[in-house]
Amino acid sequence: MPDRFETISFDELPKHFDAAEAEDKWGQHWDERGVYRYDPTRPREETFVVDTPPPTVSGSLHVGHVFSYTHTDAIVRHRRMRGQNIFYPMGWDDNGLPTERRVQNFFHVRCEPGVPYDPDLKLEPASAKKIKKERPLVVSRRNFIELCNQVTQQDEQAFMALWRRLGLSVDWAQEYATIDDRCRHLAQLSFLDLHEKGHLYSHEAPTMWDVDFQTAVAQAEVEDRPKQGAFHDIRFGVQGSDRSFVISTTRPELLPACVGVTAHPDDERFQDLFGKNAITPLFHAPVPIFPSELADPEKGTGILMVCTFGDQTDVTWWREQKLPLRQVIGRNGRLVELTFGEGDYPSENPEQANRFYAELQGKTVVSARKDIVEMLRAPEGRAAGDDAPLQGEPRPTDQAVKHYEKGDRPLEFVTTRQWFVRLMDKKDQLLERGRQIDWHPRFMQQRYEIWTENLGLDWCVSRQRYFGVAFPVWYRLDAQGEPDFDAPILADAASLPVDPMSDTPPGYEEAQRDQPGGFTGEPDVFDTWFTSSLTPEIGSHWRLDADRHQRLFPADMRPQSHEIIRTWAFYTIAKAHLHEQTVPWHNVVISGWVVDPQRKKLSKSSGNAKTSPPELLDAYTADAVRYWACGARLGTDTAYEEKVFKVGKRLVTKLYNAGKFVLSQEAERHPITHELDRAFVAELAALVAQATAAYDEFEFGKALMATEQFFWARFTDTFLELTKARARGDLGDEAARGSAVAALRLGLNVLLRLFAPVLPYITEEVWSWIFAKETGQPSIHAAPWPSAADFEAVDAPADPGSFALAIDALTVINKRKSDDGVSVGRVTEELTLAANAATAARLEPVWEDVAGAARCQAKTLTSKDGLDDGAFEVVSATFAEKPKKG
RNA sequence: GGGCGGAUAGCUCAGUUGGUAGAGCGCUGGUCUUACAAACCAGUGGUCAUCGGUUCGAACCCGGUUCCGCCCACCA
């Protein structure tokens, strides 16, 4: 009995592919079979390590997530098929401000560290009415953290469900959360290591401060926002003289904080002033006038007031000139209590100064500005303009004002004690590390370079928040109860993770907490980036498991988006450099954004992200959505186009139908011997090479497009049609039939594998019918990526162009049918096709197939001079009558 | 102010080292055709933003300009 191809029975399969069912079924199978599991026994060089971005689980899922995570998954799936041992974890970034904000709104609560813990606190989500009518419930720090944990766990479930449905081939055994014990442990170890190596310091200094969240922020979290400001021209006096001058400022409310006046040393206009004291209006404070290169003679009036603190330059002047500190803006953004004529607040007229200041005290920056302008315009009964300090009216100007990226009000410089990681002295080393990494696309490296070169401050890593990783630090209290910040007590590495607010430091009793001679815990938490900059180390279990670390670090690939190069990428590189003297990963792969037709980034806040990811998956299926995502080029923004989802859905349907057809063709097993089949295989082999090269560059989009193009234009619309007659046994002998079916199956098999990284569900479905058993690979996602090995049993065609030529000939015949209004399937009773002699000779070996596809009963191929090479002409054609219905 | 990316058919985008402009969608016409009407066949459609240069030849290389998006910048 001859060996026959195993086939499927056409009628047993559902007419239409049920994607929802397949998503469910295959998701379960993959889990059960452990297809995506990392094998810890395989060596580093066989392993492909992904440093997956842990999404912020603040509850807002949008298509941007789906987009970029699909990119990573396609790359990962391809690597897995290349035989690599995949380490593809998933983490949840749940600590930090976004969660705190979400919890505050969700339960309508406010955290107050002094409040006692309520072990029985049970809260329901707050209704909109409640939020509107009632004041937020005040809860303890510990209760608040518990609520944060509760909400993030729910959010993580939602994310996980989405990721599974989308088909991310994550190894769920490697799941982590940035607030879990291991991450807290590692973040605190990181702190201890940096401290030991001398990269950490804490000091009290002016720091960028968000007055709403009441926390310090780092340079990387600061963004400029355009704002309408106004120059106020204010006349200053000079001590012991009639001379005066006018400064121009956009922040008149800082006048009580004025500690100096400066102008450029070469500025002719102010030579006589240097070394003298200016007298501030209203407050009559004598302040030194000094020259500085940093003053720009072109700006304003060329001479300006130095305040503590209006901006970064003020901080510089304050330091260099050793000026006094007059911090008038408090941590809550309101003007603090103070008295002129005392201490650091001298005044030549304290009584008047205090009268003015009393009106400003307790006010916000904005209302204090309004009030002080009125005072400057008409101080104490005098009419406006009557020798008033304010010269003319404020002149509007556009300015860029620093804001915390998550905040609403401008940042202030407030003097507080903060912890810093020293980076300013390591810029060159960090730049060098950046150059040791391959950036995809390449130009994205520029972002890193520019950021690093322009870095102006060390990394402030302490935050005055609650839901975060605690500093493993306590301070001794002296006899007066004052903390000794210069010699912090560090936690023992073996005791981590610790919470200094509830754990006691080595050698102390809990009773000594906050007692003179005792200790106090560091209440601050780490900047969330302090933890998330450790994701490669979190994956590798750095300092916890040396063998695992050696197998997983540095990682191979870091996928991320470009707006966080200055934070996530930068800090991760810094950490790997400081801890391990190496790069954290070898490749950075940058996805673009999803944008609306107006080129605006899709986001919930701007209201252009209307469809949620689950809705999208319901409407179009996971494969179709993945198809859309994978059409993108790296680093390039992609428009949100509903049409593209439909195209993806169509592709899935076509794969299903083509699979059914090919795998139902019966024939004896036979090698691929026919010229047309060999020419097809030659083209297929070229496609494989092309797709493989694209994936080598992480360009899944190029690979997909090439594969898709081939699938429609060279497989379903053409090769299938050209071999149909032979595969049915209507044409040629058993060998010809076997060759056709063998080539169809090889084509389908290879194309399925090329599509598998992008379309995991439909490819697995079709693969499961026959190929799973035939190849011994139960899952296509564990099957080998197509390569030359797939084609080595097939001899080269006599003419590599004969497949293309057959397509051209068929197209000409189809055009004739179309022109005659005849369907392609109609029988051709007689056909005479002409080509020049050379072309006719080349077509000869595949002419039977062409005629078969055209359903010819009688056919003639003649040669005719004057036709171009490769051109065909239908000399005559008669078509059968339309078959009668019935 | 400095830098990066983009501008190609009505729309979304390809276009490898310079060599006659491509796909999909849309649109028009045709076809129920034994894998698929959730389909197929055929057709329409472009001064490659703009100006100049190099070249036998430029969408591609060089320079200028204009728009769009983004990143960065001490913001008196």
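Proteins get letters first, then strands, A, B, ... in listed order; numbering begins at 1 in each.
Counting only heavy atoms from C-beta on, A:His16 has its side chain closest to B:A38 among B:A42, B:A38, B:C74. In this structure, the nucleotide among B:A73, B:A76, B:A42 sitting nearest to the side chain of A:Trp451 is B:A73. Which of B:C13, B:A73, B:C40 sits closest to the side chain of A:Ala639 comes down to B:C13.
In a base pair of the Watson-Crick type (N1 to N3 plus N6-O4 or O6-N4) or a G-U wobble (N1-O2 and O6-N3), with each distance short of 3.5 Å, B:G24 is matched with B:C11. Pair assignment for B:C32 gives none, since no Watson-Crick or G-U wobble pairing has each distance under 3.5 Å. The nucleotide B:G63 finds its pairing partner in B:C51, both defining distances of the Watson-Crick or G-U wobble pair being shorter than 3.5 Å. B:C4: Watson-Crick or G-U partner is B:G69, with both key distances under 3.5 Å. Shown here, B:U17 forms no base pair; nothing in the strands shown gives a Watson-Crick or G-U wobble contact with both key distances under 3.5 Å.
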>> Is there a salt bridge (Lys or Arg N to Asp or Glu O under 4.0 Å) between A:Lys649 and A:Asp623? Walk through the geometry before answering.
In response: CA-CA 7 Å; A:Lys649 218 172 161 181; A:Asp623 279 343; over 6 Å; no
> Does the salt bridge (Lys or Arg N to Asp or Glu O under 4.0 Å) test come out yes or no for A:Arg714 and A:Glu683, once each step is laid out?
Replying inline: CA-CA 9 Å; A:Arg714 303 265 119 168; A:Glu683 288 200 18; 3.0 Å; yes
>> Show, in sequence, the C-alpha distance, side-chain angles and deciding distance for A:Arg251 and A:Glu412, and conclude whether the salt bridge (Lys or Arg N to Asp or Glu O under 4.0 Å) test is met.
In response: CA-CA 12 Å; A:Arg251 300 206 55 186; A:Glu412 298 294 344; 3.0 Å; yes
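Between the side chains of A:Arg395 and A:Ser248, a donor-acceptor pair is found at a separation under 3.5 Å. Side-chain contact of A:Trp317 with A:Thr262: a donor-acceptor pair under 3.5 Å is absent, judged by distance alone. A side-chain N or O of A:Glu642 and one of A:Tyr620 form a donor-acceptor pair less than 3.5 Å apart.
Side-chain to base pairing of A:Lys654 with B:C36: one donor and one acceptor N or O lie within less than 3.5 Å of each other.
At least one test fails for A:Arg326 against the ring of A:Trp318: distance under 6.0 Å to the centre or angle within 45° of the axis.
Taking atom P in both B:C11 and B:A7, one finds a spacing of 14 Å when rounded to whole Å. Separation of the P atoms belonging to B:G46 and B:G22 is 14 Å when rounded to the nearest angstrom. On the P atoms, B:G45 is 35 Å away from B:G5, given to the nearest whole Å. Here, B:A38 and B:C32 have their P atoms 16 Å apart, quoted to the whole Å. Comparing B:G26 with B:C41, their P atoms sit 15 Å apart, to the nearest whole Å. B:G24 sits 16 Å from B:A14 when the P atoms are compared, rounded to a whole Å. Comparing the P positions of B:C72 and B:A21 gives an interatomic distance of 42 Å, to the nearest angstrom. Across B:G43 and B:A37, the matching P atoms stand 24 Å from one another, rounded to whole Å.
Contact annotation for A:Glu642: no contact, since no heavy-atom pair falls under 4.0 Å across all strands. Counting non-hydrogen atoms under 4.0 angstrom, A:Gln665 reaches nothing in the nucleic acid. Using a 4.0 Å heavy-atom cutoff across all strands shown, A:Lys817 reaches no nucleic acid atom at all. Across all strands shown, A:Thr653 has heavy atoms under 4.0 Å from base atoms, whether or not it also approaches the sugar-phosphate. Using a 4.0 Å heavy-atom distance criterion, A:Ala295 is classed as a base contact. Among the heavy atoms of the strands lying under 4.0 Å from A:Gly821 are primed sugar atoms or P, OP1, OP2 only; no base atom is included. Within 4.0 Å (heavy atoms only), A:Ala658 reaches at least one base atom of the nucleic acid. Within the nucleic acid shown, A:Val644 has no heavy atom closer than 4.0 Å to any nucleic acid atom. Among the atoms of the strands shown, only primed sugar atoms or phosphate atoms (P, OP1, OP2) are found under 4.0 Å from some heavy atom of A:Phe10. No engagement by A:Arg826 is indicated, since no non-hydrogen atom pair under 4.0 Å with the nucleic acid exists. Using a 4.0 Å heavy-atom distance criterion, A:Gln399 is classed as a sugar-phosphate-only contact. Base contact: A:Leu720 has a heavy atom under 4.0 Å from a base atom.
Partners of A:Glu563 by salt bridge (charged side-chain N to carboxylate O under 4.0 Å, His left out), not counting sequence neighbours, listed by chain and number: A:Lys601. Residues satisfying the ring pair (Phe, Tyr, Trp, His ring centres under 6.0 Å) criterion with A:Tyr656, sequence neighbours excluded, are A:Phe17, A:Trp769.
One atom, CG of A:Leu810, and another, P of B:A42, lie 8 Å apart when rounded to the nearest Å. As rounded to whole Å, 12 Å separates atom P of B:C25 from atom NZ of A:Lys646. We find that CG of A:Leu651 is positioned 17 Å from P of B:A38, with the value rounded to whole Å. The CG-P distance, from A:Asn454 to B:C74, rounds to 8 Å in whole Å. The CD-C1' distance, from A:Gln709 to B:G22, rounds to 9 Å in whole Å. Here B:A35 presents its P atom at 12 Å from CG of A:Asp11, a figure rounded to the nearest Å. With rounding to whole Å, A:Asp820 atom CG is found 12 Å from B:U31 atom P. If you measure from atom CD of A:Glu223 to atom P of B:C70, you get 12 Å, rounded to the nearest angstrom.
OP1 or OP2 of B:U34 has not a single side-chain nitrogen or oxygen of A:Lys724 nearer than 4.0 Å. Of the side-chain N and O atoms in A:Arg728, none sit less than 4.0 angstrom from OP1 or OP2 of B:U34. Between A:Arg650 and the phosphate of B:C40, there is a side-chain N or O to OP1/OP2 separation shorter than 4.0 Å.
Between A:Thr249 and A:Leu304, every side-chain heavy-atom pair lies at or beyond the 4.5 Å cut-off. Contact of the A:Leu455 side chain with the A:Met424 side chain is registered, since non-hydrogen atoms from C-beta on lie closer than 4.5 Å.
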N/O to N/O distances under 3.5 Å, protein versus nucleotides 3-11 of chain B:
{"residue": "B:C11", "atom": "O2'", "partner": "A:Glu641", "partner atom": "OE2", "Å": "3.3"}

